[in-house]
Amino acid sequence: MTPSTSPLDQVAAGIAHAARIAGRRADAVTLIAVSKTHDAETIRPLLAAGQRVFGENRVQEAAAKWPALREAYPDVALHLIGQLQSNKAEEAVALFDAIHAVDRESLVDALGKAIAKSGRRPDCFLQVNIGDEAQKGGCAIDALPGLLARARDAGLPVAGLMCLPPADVEPAPYFALLAKLAREVGLAGLSMGMSADYETAVTLGATHVRVGSALFGTRGAA
Ligand SMILES: *Cc1c(COP(=O)(O)O)cnc(C)c1O
């Protein structure tokens with residue numbers, strides 16, 4: 001790869017390579033450019049290069065940044081990848097096209113109400129606490145079938161599962177486990193893989209990779 005290749009081209013090539021190894025189509029994988037903490041001036045070059053799917057982890061920050069950018073690029077899809085408080089569900093449903101960290105019944109219920117009220121139907125991903133870590137969000141593996149049933153009852157368009165594997169260990173077994181859980185419950189979407197491991201995630205079936213620092217450089221304290 002030549003040094004002048006852009007980070008976006010490099011990540012796209014990484015996804016394509018991993019998909020090829022796995023016998024998957026590269027266009028079966030959506031690259032979510034995680035623009036959290038980065039300002040509009042940093043985001044614009046990616047928009048100019050054709051990237052249209054972006055991820056943010058805070059409702060407030062996204063609400064401040066994206067309406068102006070969306071005027072110039074109305075076909076942008078915004079994904080909320082971070083934890084969501086139930087009292088922000090309405091704002092999140094109004095702003096985002098997908099919500100990735102749906103992990104508890106109270107949030108499912110709040111999103112269901114917001115969806116019914118607004119008529120907007122963002123793709124919802126149920127977050128699974130795949131490494132069973134006390135400090136992490138996500139529902140327990142055992143609780144997944146119940147949460148999924150509740151989400152369907154509440155009228156959420158459930159697109160798939162999402163996870164953040166434990167830090168500093170080989171992520172592949174966790175990605176494989178999330179893929180297995182998704183098969184078991186009959187969901188097609190798999191939101192997994194970040195800058196350090198998106199290629200591994202793609203070989204194991206990721207349909208959505210959430211990549212920040214590999215595209216934008218390292219963040220300040222987030
Ligand atoms: C910040 C973040 C990412 C992107 O992380 P990078 O390592 O910068 O690619 C992905 N997923 C979630 C949930 C995040 O909060």
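Remember, it's 1-based here, ligands and their atoms both numbered in the order they're listed.
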field: Subset of ligand 1 atoms that lie under 4.0 Å from at least one heavy atom of Val211
entry: 9 (O)
field: NZ/NE/NH1/NH2 to OD/OE distance under 4.0 Å, Arg58 and Glu61
entry: no
- prompt: Do Phe175 and Asp197 come close enough that some side-chain heavy atom pair is under 4.5 Å?
  reply: yes
- prompt: To which protein heavy atom is atom 12 (C) of ligand 1 closest, and what is the distance rounded to 0.1 Å?
  reply: Ile81 CD1, 3.5 Å
query: What protein heavy atom sits nearest atom 6 (P) of ligand 1, and how far away is it?
result: Ser195 OG, 3.5 Å
field: Side-chain touch Met192/Tyr174, heavy atoms, less than 4.5 angstrom
entry: no
Region of Lys36 engaging ligand 1 - heavy atom pairs below 4.0 Å: side chain
message: When you measure from the side chain of Lys65 to the backbone of Ser35, do you find a donor-acceptor pair of N or O atoms at a distance under 3.5 Å?
response: yes
Short N or O distance, Ser213 and ligand 1, threshold 3.5 Å exclusive: yes
query: Any N/O of Gly212 closer than 3.5 Å to an N/O of ligand 1?
result: yes
field: Heavy atom of the protein closest to atom 11 (N) of ligand 1 (residue, atom name, distance)
entry: Arg210 NE, 2.9 Å
- request: Could you tell me whether the side chain of Val202 reaches within less than 4.5 Å of the side chain of His17, counting heavy atoms only?
  value: no
- request: Could you tell me the residue and atom name of the protein heavy atom closest to atom 10 (C) of ligand 1, and the distance to it rounded to 0.1 Å?
  value: Met194 SD, 3.3 Å
message: Whether the Thr42 and Asp39 side chains hold a donor-acceptor pair (N or O, under 3.5 Å, no angle test) is what I'd like checked.
response: yes
